[in-house]
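Report on the structure given below.
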Amino acid sequence: MTTWRQHLHRHPEFGFEEHQTAAFVAEELRGFGFDEVTTGVGGTGVVGTLRAGTGNRAIGFRADMDALRIEEQGARPYRSQAPGVMHACGHDGHTAMLLGAAKHLAEHRNFNGTIRFIFQPAEEWGQGMQAMLDDGLLTRFPMEEAYGLHNMPGMEVGSFATRPGAIMAAEDNFEIEITGSGGHASQPHVTSDALLAGCATVTALQSIVSRGTDPAELAVVSATEIRTDGTVNAIASNARILGDCRSFSPEISKSIETAMERIVAGTAAAHGCAAKLSYKRVFVPTINDPEMTQHAIATARALGPTDANTAPMGGSEDFARLTAQIPGNFIFIGNGDSAALHHPSYDFNDAALPHGAGYFARLARRRLPE
Ligand SMILES: [Zn+2]
Ligand SMILES: [Zn+2]
């Protein structure tokens, strides 16, 4: 697994460009004697199918294959050979772990049913899983439940953490376009200042969480960028505000959007301007099914220290698109004392590989017992 992981680390590929990675995964799966290996699912995705016994239940295990546009720092021997691209999120490790479980389960076939090994593209973009679903992931490769994991820097190698319910956030992006009428900076009374309306809008958006959301719920609304067509001696006629919202339930995401529509239209009108909101859901929240999570916890506990009720994280995960369709669980696995995810000096910890592979192999036997 270490050899695979370091090979993948040396040859990182960005989302939907994982051609070499997908070919490598498919070749390994075929070499293990898989019953079916299908490439090109949702672009560069790969699905391997393994069967044993006569059982008709099917479960899915997911790994992600994509890297990030980050220049790697550090002089490790298996350093990225692709300029400006690196495995800074450990998807090289996730792929190697799932290949390890695939090899073990293909050799032993000590389960009863069908396992789908899903290697998805473009996780970082939040696009790859939807592309696989649109390409018939669940109709061409039926499965009843799905499991995924992510390495976590700062958590001890061999330890696990998960929780029932929401574990990772939804990410929504918004864009507000305010239109007024600009003019000479010395004649404000004949203009409708889009920048002033924009600033009032940014301030008013802060009431969505503080006054519009149940304090027991988690939500973040951040305006992150403002652009205008004004200049030092001309009042802006146009302002664009961009931003990002996080939440842990579709209901809260919807209520943020509804409040934002009201605030944007009302604040613009109060300043004699017009406004348009576009609100886009990039990642849905990752919701762990309570029953599948009990199986994940029992499996992890047999392998190492397991936090069964870890705090939900504000980051987002594309695996959520799959668990929005079928029940599943997402679990964190310790990466030891490494740099943070997405940091240029981050590296996946190879010592974690057997723990991740062991988790999937043991989970397969638990969910598809002989
Ligand atoms: Zn990432
Ligand atoms: Zn990641």
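Read the numbers this way: they start at 1 and go in the same order the structure lists the ligands and their atoms. Note that the coordinates shown come from a computational prediction; the quantities given were computed from them, not determined experimentally.
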Carboxylate-amine/guanidinium proximity below 4.0 Å for [X] and [Y]:
X: E370; Y: R365; answer: no
X: E257; Y: R281; answer: yes
X: D172; Y: R246; answer: no

Problem set entry | Shared hydrophobic cluster for Y147 and I297 (ILVMFWY, side-chain gaps under 4.5 Å) | no

Exercise. Counting backbone and side-chain atoms alike, does H91 have an N/O/S atom under 2.8 Å from the Zn ion (ligand 1)?
Worked result: no

Problem set entry | Geometry at the Zn ion (ligand 1) - C89 SG versus E124 OE2 angle, rounded to 10 degrees | 100°

For this session: Considering just N/O/S atoms, say which atom of H150 is closest to the Zn ion (ligand 2).
Result: NE2

Problem set entry | N, O or S atom of H94 closer to the Zn ion (ligand 2) than 2.8 Å | no

